[in-house]
2 protein chains.
Amino acid sequence: MEDLALPGQFELPVDNDSQAPSRAERRDQQIQRILDAAKACFIRSGFQGASMHQICAEAGMSPGALYRYFPSKEAIIRAIVEADRKQDAEKFAAMDKNPCVVDGIVNCAMDHIRYTHENGNAPIFAEIATESLRNETIREIGDYCMDEVQHQFRNYVQAALDRGEIDPVVELDALLPMMMAIGQGLAINGLPGKGVSYDRIEKMFRATTAALLRPTRKCDPAKN
Amino acid sequence: MEDLALPGQFELPVDNDSQAPSRAERRDQQIQRILDAAKACFIRSGFQGASMHQICAEAGMSPGALYRYFPSKEAIIRAIVEADRKQDAEKFAAMDKNPCVVDGIVNCAMDHIRYTHENGNAPIFAEIATESLRNETIREIGDYCMDEVQHQFRNYVQAALDRGEIDPVVELDALLPMMMAIGQGLAINGLPGKGVSYDRIEKMFRATTAALLRPTRKCDPAKN
DNA sequence: AAAAAGAGAACGAACGTTCGCTCTTTTTAT
DNA sequence: ATAAAAAGAGCGAACGTTCGTTCTCTTTTT
């Protein structure tokens, strides 16, 4: 008879350097635990396919306990989508540190591709994109955060355009959605999983980006 | 009391030019009717979200009747995926009629994008891509048909390469998955729905394709 | 002692599927 | 040609299961 769950508070690993976690701290930990469990289930079975009982089991928690933290399945999905998109947005925040647009975009995108692939995040990404097409609530959250990324992109590209560094094939209003779409295709498809190496992906992505932005001069002769 | 369904055979619209449809013909019609209904439901709610009762209602058919044609929901999904992918494959069959690789690819892709958008097919496309990441049966069907498209692509591009018409940035083993991924991103994202006109999409897609394939000479001065 | 956290049985609804039945069409026997 | 039999098509109630969620009760923390 192994590991039968007893009532009462679940025992979390003890952090020796600090005292017992406060009420609020513990709450945050539990919320995170639920979100991690839910994410794992959603990756395995999708938003609709994963059941609350499965999420409870994965989190090592009873339904009664879980429902003290989230009022519904929808709320969990919303939280996951929001967290995931926020994380994406942060990934692209460092972009405009790079003085060369093409490099800035390529480096950030490659970081994102690497991260997504190594963490098995592609299914969640795909799930959000698909669910956005039919669930308005999800679409709103997704779009809100996606717009954030697109705005960062836009400002960054617009600045380069103002500086005369690039001569894009079309106006930015058409160009940015195109680049987002390409990025989405790459994220979902998981090229690294199909045996395409990162430096091949980078090479192609750089060529693609350059073709769309058409840089008018080299930024840094040291780079390629 | 309107239109209450009576037992027995459902009345289909009569084709005046011919006699009553044979047993087999009628069966095919009913199967098609179910597939159409299922597709509509799947677009609305996804594979997992759509219920058999909904599909029955959409098809104007009772569960008992429907189950004479398909043994399970999975079987319907399989049939839909197969039909959709087959249709995609056919769309790209005309590609190699075009002597200029870039034109051939761009034209076919644009036809496909137009078709997908105008028929509201993007959600099904996205659903298949997402479901492929976790459902092995779906993945097998999807990959099988996707490989067909990729093979057509590969032969077409390889021929151009042999003729010395292009000088791709990377080997075809890396290039083709990249192009498929880009295509998938475009199909799912539905750029036309975001206000990007077809000729802007074509311009960008042409630039992208050219950047990856790097044609060594113009095919036809009349075009471009 | 009060409040918060958790367990786990239980709820009604909805799921995919099956069943028994009626009606229609086709095949077979006369 | 006609009647009987068989097979096919369809309906809709009902099946057992699982779903998301709630409820009651116990244990732990404040």
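Just so it is clear: chains get the letters A, B, ... in the order the sequence lines come, proteins before strands, and each one is counted from 1. Here the structure is a predicted model, which is why all the values come from computation and not from measurement.
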Distance in angstrom units between [X] [atom1] and [N] [atom2], rounded:
X	N	atom1	atom2	answer
A:Lys73	C:dA13	NZ	C1'	15 Å
B:Glu25	C:dT25	CD	C1'	15 Å
A:Gln48	D:dG20	CD	P	10 Å
A:Leu66	C:dG6	CG	C1'	11 Å

Quick one: side chain to side chain contact (heavy atoms under 4.5 Å, CB included) partners of [X], sequence neighbours excluded?
X	value
A:Ala75	A:Phe70, A:Pro71, A:Ser72, A:Arg78
A:Arg139	A:Ser132, A:Glu136, A:Asp143
B:Glu58	B:Ala37, B:Ala40, B:Cys41, B:Arg44

Stem list, DNA chain D (Watson-Crick or G-U pairing under 3.5 Å, at least 3 consecutive pairs):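 Looking at DNA chain D, the stems formed by three or more consecutive pairs are C:1-30 with D:1-30.
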Close approaches to DNA chain C from residues 38-47 of chain A, in residue order (heavy atom, under 4.0 Å):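 Going residue by residue through residues 38-47 of chain A, none turns out to have a heavy atom under 4.0 Å of DNA chain C.
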Residues in contact with DNA chain C, drawn from residues 75-83 of chain A - heavy-atom cutoff 4.0 Å: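 Heavy-atom contacts with DNA chain C come from no residue of residues 75-83 of chain A; none.
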Lys/Arg N to Asp/Glu carboxylate O, A:Glu90 vs A:Lys86, below 4.0 Å: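 Salt bridge between A:Glu90 and A:Lys86, a charged N being under 4.0 Å from a carboxylate O: no.
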Touch class at under 4.0 angstrom, heavy-atom based, for A:Ala24 against every strand present: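 Answer is nothing: A:Ala24 stays at 4.0 Å or more from every strand.
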Sugar-phosphate only, base, or nothing, as touched by A:Phe70 at under 4.0 Å among non-hydrogen atoms: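 No contact at all - A:Phe70 keeps every heavy atom at 4.0 Å or more from the nucleic acid.
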Pair A:Asp28, A:Gln32: side-chain N/O donor-acceptor within cut-off below 3.5 Å: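 Checked: A:Asp28/A:Gln32 side chains show no N/O donor-acceptor pair below 3.5 Å.
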Modelled atom types, side-chain donor and acceptor of B:Gln29 and B:Arg26, under 3.5 Å: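 Checked: B:Gln29/B:Arg26 side chains show no N/O donor-acceptor pair below 3.5 Å.
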If only atom types and distance count, is the side chain of [X] paired as donor or acceptor with the main-chain N or O of [Y] below 3.5 Å?
X	Y	answer
A:Gln30	A:Arg27	no
A:Asn135	A:Thr137	yes
A:Tyr67	A:Ser62	no
B:Lys73	B:Ala50	yes

Any protein N or O atoms within reach of nucleotides 13-17 of chain D? Criterion: under 3.5 Å, listing atom names and distances.
none

According to a strict under-4.0 Å criterion, is [X] in side-chain N/O contact with OP1 or OP2 of [N]?
X	N	result
A:Tyr67	C:dG6	no
A:Arg26	C:dG6	yes
B:Gln30	D:dG10	yes

Pairs involving residues 120-135 of chain B, ordered by first then second residue, that meet salt bridge (charged side-chain N to carboxylate O under 4.0 Å, His left out) (sequence neighbours left out):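 Those involving residues 120-135 of chain B are A:Glu127-B:Arg134, A:Arg134-B:Glu127, B:Glu131-B:Arg134.
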Residue pairs involving residues 114-155 of chain B (criterion ring-ring contact (aromatic ring centres under 6.0 Å, His included); sequence neighbours excluded):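 The answer is B:Phe92-B:Phe153.
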side-chain contact (heavy atoms from CB on, under 4.5 Å) partner of B:Lys39, chosen from B:Ile55, B:Ile76, B:Asp84, B:Ile34: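 Exactly one candidate clears the test, B:Asp84.
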Can you give the donor-acceptor pairs under 3.5 Å from side chains of residues 170-187 of chain B to other protein atoms, not counting sequence neighbours?
unit_1: B:Glu171; atom_1: OE1; unit_2: A:Arg200; atom_2: NE; d: 3.3
unit_1: B:Glu171; atom_1: OE2; unit_2: A:Arg200; atom_2: NE; d: 2.2
unit_1: B:Glu171; atom_1: OE2; unit_2: A:Arg200; atom_2: NH2; d: 3.3
unit_1: B:Asp173; atom_1: OD1; unit_2: B:Arg154; atom_2: NH2; d: 2.3
unit_1: B:Gln184; atom_1: OE1; unit_2: A:Asn189; atom_2: ND2; d: 3.0

A:Phe205: ring pair (Phe, Tyr, Trp, His ring centres under 6.0 Å) partners, not counting sequence neighbours: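 Listed in chain order: nothing, the list is empty.
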Side chain to side chain, A:Pro192 and A:Ile201, heavy atoms closer than 4.5 Å: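 The answer is yes; the side chains approach within 4.5 Å.
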Polar-atom pairs under 3.5 Å, protein N or O versus N or O of nucleotides 6-8 of chain D: list them with distances, or write none.
unit_1: D:dG8; atom_1: O4'; unit_2: B:Arg23; atom_2: NH2; d: 2.5
unit_1: D:dG8; atom_1: O3'; unit_2: B:Arg23; atom_2: NE; d: 3.2
unit_1: D:dG8; atom_1: O3'; unit_2: B:Arg23; atom_2: NH2; d: 3.2

